[in-house]
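Below is one structure; the comments refer to it alone.
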Amino acid sequence: STQSTWGGWRSKGVDPALFANQLMHNALTFVEQHGVEEPLAVMQRAYDKLVRNTEVAAGSSTACVVSLAGGRELRVANLGDSGVLVVRDGRPHYRAEEQVYRFNAPYQLSAQPKNRSSFANKPKESAQATVPLRPDDVVVVGSDGLFDNLFPEEIARIASLAVPSKDGIMAKMGLQSAMSVKQVAERLKDQAVLAGRDSERRTPFAVEAADWGIQRSGGKTDDVTVIVARVLESS
C-alpha cells in the first residue's frame, strides 16, 4: 500500500502515512491470525477494522494486496494507482489495472472527518485478477512512486536480474550471479527516486499527463515502496 497526498492531507495537519501504515498493519495481523485469504477479503477486513475502531482520525490511501496461492497463481486486488507487474523472460507479462478519476487523482480508501468531503472508495471497487505463474517469474509490487517514474520495460529489465541467466547477460553486466530479490527491490527503488528527481526525463507520469492534456516533463517526486518476489520450482 502507499499513501497518496493529492487530497492535501498534509496541509490539513494530517500525516498521510498514518492511514496507509495502519491499513497494512491490519492486513498483516489478519493474515497472521487467519491465514491467507482472497486479497479482496484481506483488504476489506483491514479497512473495516480501521474505520470501526477509528484507528486513524483522517487520511486516505491507495491499496494493493496480492497472494501467491500455492506458488501457482497470483491473486490481486488493486485499488488506485499502486500496482503489480509480473515479469516473464525479461519482459512485462501482466500489469495490474489502475483506477483514477483524473490525472494524479487515484481511487482511494479513506477515513473522513465529518467536516471534510472528497473521493472515497470501497475495497469492493478494486480491480481483481488471477494470474497463472511459472518458475522464474518475478513479481514486482509497488506504489505509484515506482510506476509513475519507471516504464514497465524498465522495471522488467531490472527485475530480471533476480533470475539466473543462461545466456551471459549477467556476465556482460559485471554480475557473477543473480541478485537477491532484496537487492533488486533496492535497485528499483533507487532508480525510481532518481527518475522522480529528473525534470527532463520521459516518464510514465509525463506520458499520463499528456494523455489528460497537461504538458509537463520529468518524473514525480514521491515515496517509493517496492516488494519483489521470484517464483521458484517446487521441490
Problem - Residue pair I227, V140: steps toward the side-chain contact (heavy atoms from CB on, under 4.5 Å) verdict - result: CA-CA 6 Å; I227 300 171; V140 179; over 6 Å; no

Practice task
Kindly indicate whether the side chain of R72, heavy atoms from C-beta on, has any atom under 4.5 Å from the side chain of L133.
Solution key: no

Completion exercise
For A206 and R216 the tightest heavy-atom approach is CB-O, 3.6 Å

Practice task
Tell me yes or no: between the side chains of S82 and S143, is some donor less than 3.5 Å from an acceptor?
Solution key: no

Practice task
Show your working on side-chain contact (heavy atoms from CB on, under 4.5 Å) between V42 and V31 and close with a plain yes or no.
Solution key: CA-CA 7 Å; V42 174; V31 170; 4.0 Å; yes

Exercise for the section: Report yes if the side chains of L146 and I155 come closer than 4.5 Å at any heavy-atom pair, otherwise no. Expected result: yes

Exercise for the section: Taking the side chain as every heavy atom from C-beta outward, state whether D136 and V163 have any atom pair closer than 4.5 Å. Expected result: yes

Exercise for the section: Look up atom CD1 in I158 and atom CD in Q183, then write down how far apart they are to the nearest 0.5 Å. Expected result: 13.5 Å

Exercise for the section: Locate the shortest heavy-atom distance separating M179 from R187; write the atom from each residue and the value. Expected result: CE-NE, 3.9 Å

Handout entry: Residue pair Y94 / A129: nearest heavy atoms and the distance that separates them
Key = OH-CB, 3.3 Å

Handout entry: Flag side-chain contact, heavy atom, 4.5 Å: P92 against L85
Key = yes

Handout entry: Nearest heavy atoms of V56 and L18, plus distance in Å
Key = CG2-O, 3.9 Å

Handout entry: L28 reachable from M24 in the ILVMFWY side-chain graph, under 4.5 Å edges
Key = no

Problem - Donor-acceptor pair, side chain of D137 and main chain of R134, under 3.5 angstrom - result: yes

Practice task
Locate the shortest heavy-atom distance separating V141 from C64; write the atom from each residue and the value.
Solution key: CG1-SG, 4.1 Å

Practice task
Measure the shortest side-chain to side-chain distance between N78 and V84 over non-hydrogen atoms and say whether it is less than 4.5 angstrom.
Solution key: no

Problem - Y101 and N121 side chains, donor-acceptor separation under 3.5 Å - result: yes

Practice task
Can you spot which of Q128, R75, R45 makes a side-chain contact (heavy atoms from CB on, under 4.5 Å) with L40?
Solution key: Q128

Exercise for the section: First locate atom CG of L79, then atom CD of E98, and finally report the distance between them rounded to the nearest 0.5 Å. Expected result: 11.5 Å

Exercise for the section: Determine whether V228 and V139 make a side-chain contact, defined as any pair of heavy atoms from C-beta on separated by less than 4.5 Å. Expected result: no

Practice task
Verify, without hydrogens or angle tests, whether E38 (side chain) and S67 (backbone) share a donor-acceptor contact under 3.5 angstrom.
Solution key: no

Fill in the blank from the handout: One should read off an interatomic distance between L194 CG and K189 NZ, to the nearest 0.5 angstrom, of 9.5 Å

Problem - Rounded distance (nearest 0.5 Å) linking atom CE of M43 with atom CG of L109 - result: 6.5 Å

Practice task
Run the numbers on R52 and E55 for salt bridge (Lys or Arg N to Asp or Glu O under 4.0 Å), then give the verdict.
Solution key: CA-CA 8 Å; R52 182 176 63 249; E55 294 176 326; over 6 Å; no

Exercise for the section: Apply side-chain contact (heavy atoms from CB on, under 4.5 Å) to the pair Y107 and V100, showing each step before the final yes or no. Expected result: CA-CA 5 Å; Y107 284 26; V100 297; 5.7 Å; no

Problem - Any donor-acceptor N/O pair, Q33 side chain to F30 backbone, under 3.5 Å - result: no

Problem - Side-chain (D144) to main-chain (F147) donor-acceptor, under 3.5 angstrom - result: no

Fill in the blank from the handout: Only residue of N104, T203, N149 satisfying side chain to side chain donor-acceptor pair (under 3.5 Å) with K220 is N104

Practice task
Could you tell me whether a side-chain N or O of E154 sits under 3.5 Å from a main-chain N or O of F151, the two making a donor and an acceptor?
Solution key: yes

Practice task
Given side-chain contact (heavy atoms from CB on, under 4.5 Å), test R202 with V207 step by step and report yes or no.
Solution key: CA-CA 7 Å; R202 181 176 181 270; V207 171; 3.8 Å; yes

Handout entry: ILVMFWY network linking V138 to V184, side-chain heavy atoms under 4.5 angstrom
Key = yes

Fill in the blank from the handout: Rounded to the nearest 0.5 Å, the CD atom of E73 sits from the CG atom of L68 at a distance of 10.0 Å

Practice task
Taking atom CZ of R197 as the centre, report whether more than 12 heavy atoms of other residues, nucleotides or ligands fall under 6.0 Å from it.
Solution key: no

Problem - From Q22 atom CD to S61 atom OG, the distance as rounded to the nearest 0.5 Å - result: 12.0 Å

Practice task
Determine yes or no for a side-chain-to-main-chain donor-acceptor pair under 3.5 angstrom, with Y47 supplying the side chain and S110 the backbone.
Solution key: yes

Exercise for the section: Taking all heavy atoms of P123 and all of S126, pick out the closest pair and write down the distance. Expected result: O-OG, 2.7 Å

